[in-house]
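A short write-up of the structure that comes next.
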Amino acid sequence: MNRTKPRLWPWHLALLLGVFGLWQALTSSGVLPEFFFGQPTKVLLKVAQWILGGEIYPHLAVTLVETLLAFALGTALGLVVGLWLGLMPTASALAEPYITAANSMPRVVLAPIFAVWFGLGIWSKVALGVTLVFFIVFFNVYQGVREVDPVILANARMLGASRRQLVRHVYLPSATSWVFSSLHTSVGMAFVGAVVGEYLGSARGVGYLILQAEGAFEINTVFAGILVLTGCALLLDALVNLLERRLLTWRPSRDGAATTRD
Amino acid sequence: MSVPALCLQDVTCRFAGRGLSAQPYTAVEGVRLSVEAGEFLSVVGPTGCGKSTLLNMAAGLLQPSAGTVQVDGRPLSGINRRAGYLFQSDALLPWRNARANVATGLDFRGIAPAEARAQAQRWLERVGLGRAGERFPHQLSGGMRKRVALAQMLILNPALLLMDEPFSALDVQTRQHMENELLAIWQADRKAVLFITHDLEEAIALSDRVVVLSAGPASRVVGEFLIDLPRPRDVAEIRLTSTFLDLHRKIWGALRAEVMKAHEQNQA
């Protein structure tokens with residue numbers, strides 16, 4: 001299957017090395033001031049120190065726990081509310097302007113309120129992440145429920161499905177597939193919520209490390225934090241891919257090669 | 001005479017118009033139609049004549065605006081529990097594999113999963129898909145999906161089969177093959193069938209009786225023809241017999257005017 005695809009990874013690697021090399025050359029030759037731009041070798045050294053010295057792990061653990069909690073709670077809440085409003089035309093008509101308003105509000109401004117309500121521990125970050133994740137999942141599920149194929153619904157009813165069985169066997173699986181299509185975005189958003197929350201006020205986490213480093217003008221450490229966060233984000237994305245492939249086997253693959261004929 | 005399996009008594013169905021200025025649309029008006037027990041009845045008519053509306057009323061998915069629907073002599077309210085419905089488009093649950101799809105109706109009735117699976121497997125074998133149980137609908141061809149849908153309907157042993165142009169999306173060979181299979185399965189226990197199609201040849205080849213519907217809006221029954229061809233039939237071969245051709249000529253005479261009318265309406 002991959003035969004037609006040219007092998008790109010050597011080029012990807014070359015591009016990365018090129019950018020880092022250029023960065024290194026410009027800062028070490030003094031064209032760019034190292035004070036403001038840092039230096040790749042020192043950034044990588046810092047990352048290595050963190051990983052080998054173990055200094056990063058407690059902070060990373062906090063950030064990841066916040067991310068996963070925000071993701072899980074936000075998804076569950078979005079799924080339940082989306083299903084409920086999708087199935088209740090009256091309630092959804094009533095709630096619609098407020099949902100639109102809540103969605104268009106820049107929700108990062110809620111961070112100070114959450115800090116007051118939930119303190120500087122992990123829960124204020126989780127709350128911020130939940131508000132970000134919730135709307136993505138909610139809108140997808142809401143749309144999914146309203147766009148369930150009417151023929152499939154009619155078929156299930158003819159096969160004797162009760163209202164509850166329709167929800168369990170038709171609406172929920174249909175909505176779940178919509179949740180999965182938004183999974184990449186919502187995991188990313190949970191991560192954003194955690195890091196931004198930490199950055200705005202915390203005592204632990206990678207966002208906190210970055211904030212500390214920034215305060216001390218240690219630009220290399222800031223870059224090191226960014227690098228670690230990027231690595232984590234890529235890892236989470238790969239995990240989502242894996243989960244998606246395991247749980248959505250019933251969906252046609254994207255290249256559509258799985259169809260057979262009789 | 002015995003009580004008909006399905007009886008539509010002067011049913012009319014109107015839909016509210018879309019938009020503010022739109023007139024209500026009358027799909028069918030004053031249709032009287034009955035399917036006797038064990039009878040294979042086909043309804044033919046030009047496109048847009050409200051054939052599917054009739055079927056949906058028989059299924060209880062749609063309430064008639066006037067008139068009544070009777071099932072085995074009793075007025076129908078809500079979903080018709082004695083009927084199975086084979087839809088024109090794909091109606092399988094895409095997240096269930098073939099076997100689970102066939103077992104869906106049993107699951108809804110609370111049959112134990114192991115028992116439901118075993119029964120579903122037997123039905124898959126009966127429609128020639130014994131080894132495709134693990135495949136999901138998107139991994140099956142159009143013809144195979146139709147067979148799964150047929151098994152999904154028949155596993156509940158409905159007394160009345162409602163079919164809405166079920167084979168119209170299939171290529172000609174697959175279609176004739178499916179029609180023969182349907183006849184073979186039907187021959188085994190002769191359920192009442194209400195079969196909707198726009199294909200007159202298909203209607204004659206399959207049915208005991210063909211009803212012609214007028215062009216919409218406000219479609220009515222304009223003709224009724226007994227098909228006295230011998231059974232068992234082979235749908236490909238029976239088309240070549242002289243009796244078939246006579247019947248075809250006779251019914252087409254009634255249908256042609258309606259098709260022309262529908263065509264002109266579509267042009268306008």
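Here is how names work: the chains are called A, B, and so on, in the same order as the sequence lines, proteins then strands, and each is numbered from 1.
If you measure heavy-atom distances from B:Ile155 to chain A, you find no contacts under 4.5 Å at all. Using a 4.5 Å cut-off between heavy atoms, B:Tyr85 touches chain A through backbone and side chain atoms alike. Both the backbone and the side chain of B:Gln152 come within less than 4.5 Å of a heavy atom in chain A. If you measure heavy-atom distances from B:Phe136 to chain A, the contacts under 4.5 Å come from the side chain alone. With a 4.5 Å cut-off on non-hydrogen atoms, B:Asn56 does not touch chain A at all. With a 4.5 Å cut-off on non-hydrogen atoms, B:Asn97 does not touch chain A at all. When heavy atoms are compared at a cutoff of 4.5 Å, B:Ala83 approaches chain A by way of both its backbone and its side chain.
Under a 4.0 Å N-O distance rule, the pair A:Glu198/A:Lys125 does not qualify as a salt bridge. With respect to the salt-bridge test (charged N to carboxylate O, under 4.0 angstrom), the residues B:Arg175 and B:Asp199 qualify.
No hydrogens or angles considered: nothing links the side chains of B:Glu165 and B:Thr197 as a donor-acceptor pair under 3.5 Å.
Environment of CZ in A:Arg245: sparse, with no more than 12 heavy atoms of neighbouring residues, nucleotides or ligands closer than 6.0 Å.
Among A:Ser162, A:Ser174, A:Ser177, the residue making the largest number of heavy-atom pairs under 4.5 Å with chain B is A:Ser174. Among B:Pro94, B:Gly60, B:Ala59, B:Gly105, the residue with the largest count of heavy-atom pairs under 4.5 Å with chain A is B:Pro94.
Side-chain contact between B:Val69 and B:Asn80: absent, with no pair of heavy atoms (C-beta onward) separated by less than 4.5 Å.
B:Phe15 and B:Tyr25 have parallel rings, their planes meeting at less than 30° on a 0 to 90° scale where 60° marks the start of perpendicular. Note: A:Phe135 and A:Phe138 have perpendicular aromatic rings, judged against thresholds of 30 and 60 degrees for the angle between ring planes.
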